[in-house]
> 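Questions regarding the structure given below will be posed in turn.
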Amino acid sequence: MGAKLKKELKFRDSYYDTVDCRLTLSDVWLRKREDTWELKYPPKRGTRGLKGSSTQYLELSHEPDIISRVCEELNIPCTQSMDSLQLEEFANFVTKRRRFELPTKSGSKHKVVVDLDMADFSFAVGEVEVLVDTEEEVESALQEVEDICKQLGVLASSPVPGKMSTFLKLNRPDHYRQLLEAHVL
């Protein structure tokens, strides 16, 4: 398909939540990748990021915006620092990633990347990702992901277990069970 290896990297992800898992039970995922905070959450409050075999999340990487969104989700007064949120780490692992970029298809304005990840708990997964700027682009991006997965022979009719769900199943079975019961996973 003409994919070019763009980079190889290694990084540590640490995931955080309240003791009672209020963020993840709302499908809100707060992590620190190396020294940078990141937050993923569904486009609409009260919905889930999982749509069929794909996921759709909004992502924040600006720490003040992350703090504001986390405080809003937890329904607590906004604070000035991540430390004052009193969150606990519930997952920590290292990933080796190989990132490939596919040539832009005629008629598409989306950049398509394929990440091949190997986590340090002996789990490997691939991800086809199309990043969009507006909600109007989501449907065409999902169709593009599906088309690429068909071409690669990896189209799944149901969700493929990801790094986090696999990590939780292996290392935090109670948390994993709660997420299944809440229909987050």
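Please read these numbers as outputs of a predicted model, since none were measured by experiment.
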> Which pairs, with at least one residue in residues 63-85 and sequence neighbours excluded, count as a ring-ring contact (aromatic ring centres under 6.0 Å, His included)?
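The answer is none; no pair qualifies.
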> Would a hydrophobic clustering, with Ile, Leu, Val, Met, Phe, Trp and Tyr connected at side-chain separations under 4.5 Å, put M164 with F11?
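No; F11 is not reachable from M164 via cluster members.
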> In this structure, are over 12 heavy atoms from other groups packed under 6.0 Å from Q80 atom CD?
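It does not: Q80 CD has 12 such atoms or fewer within range.
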> Look at atom CG of N75 and say whether more than 12 heavy atoms of other residues, nucleotides or ligands are closer to it than 6.0 Å.
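It does not: N75 CG has 12 such atoms or fewer within range.
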> Do L60 and I67 belong to the same hydrophobic cluster, where Ile, Leu, Val, Met, Phe, Trp and Tyr are linked whenever their side-chain heavy atoms lie under 4.5 Å apart, directly or via other members?
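Yes, one cluster joins them.
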> Could you measure the distance from the CD atom of E101 to the CG atom of L5? Nearest 0.5 Å is fine.
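Result: 11.0 Å between the selected atoms.
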> If two hydrophobic side chains count as joined below 4.5 Å and joins carry through other members, does F121 share a cluster with M118?
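They do not share one cluster, since no chain of ILVMFWY contacts under 4.5 Å joins F121 to M118.
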> I need the R22 CZ to T24 OG1 distance, nearest 0.5 Å.
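One finds 11.0 Å between CZ of R22 and OG1 of T24.
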> Can you find a pair of side-chain heavy atoms, one from V184 and one from W29, that are under 4.5 Å apart?
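In short, these two side chains touch, coming nearer than 4.5 Å.
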> Side-chain contact, heavy-atom cut-off 4.5 Å: R31 with S14?
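The answer is no, as the side chains (C-beta and beyond) never meet within the 4.5 Å cut-off.
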> I'd like to check E88 versus V19 (side-chain heavy atoms, cut-off strictly below 4.5 Å). Are they in contact?
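A side-chain contact exists here, since the closest heavy-atom pair is under 4.5 Å.
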> List the steps and the verdict of side-chain hydrogen bond (donor to acceptor under 3.5 Å, both in side chains) for T18 and D20.
CA-CA 5 Å; T18 59; D20 56 356; 2.6 Å; yes
> Specify the closest pair of heavy atoms between A91 and F167, including all atoms of both residues, with the distance to one decimal.
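A91 and F167 have their closest heavy atoms at CB-CE2, 3.4 Å.
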> Side chains of V130 and K111, heavy atoms from C-beta outward: is any pair under 4.5 Å?
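The answer is no; the side chains never approach within 4.5 Å.
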> Working note: R69 + I66, criterion side-chain contact (heavy atoms from CB on, under 4.5 Å); need CA distance, chi angles, decisive distance, verdict.
CA-CA 5 Å; R69 181 71 175 94; I66 292 170; 5.9 Å; no
> Any heavy-atom pair between the side chains of L58 and L39 that's under 4.5 Å?
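When only atoms from C-beta onward are counted, L58 and L39 do not touch, as no gap falls below 4.5 Å.
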> Quick one, K6 and R98 - any side-chain contact, counting heavy atoms below 4.5 Å?
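No, side chains not in contact.
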> Let me see the working for E129 and V112 under side-chain contact (heavy atoms from CB on, under 4.5 Å), right down to the final yes or no.
CA-CA 6 Å; E129 186 172 61; V112 179; over 6 Å; no
> In this structure, are over 12 heavy atoms from other groups packed under 6.0 Å from K32 atom NZ?
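Yes, NZ of K32 has more than 12 neighbouring heavy atoms, counting only those of other groups under 6.0 Å.
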> Please determine whether the number of non-hydrogen atoms from other residues, nucleotides or ligands lying under 6.0 Å from atom CD of Q86 exceeds 12.
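Incorrect, the count does not exceed 12.
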> For residues S61 and W37, determine if any side-chain heavy atom of one lies less than 4.5 Å from a side-chain heavy atom of the other.
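The answer is no, as the side chains (C-beta and beyond) never meet within the 4.5 Å cut-off.
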> Check whether any side-chain heavy atom of F93 lies under 4.5 Å from a side-chain heavy atom of R12, and answer yes or no.
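No, their side chains stay 4.5 Å or more apart.
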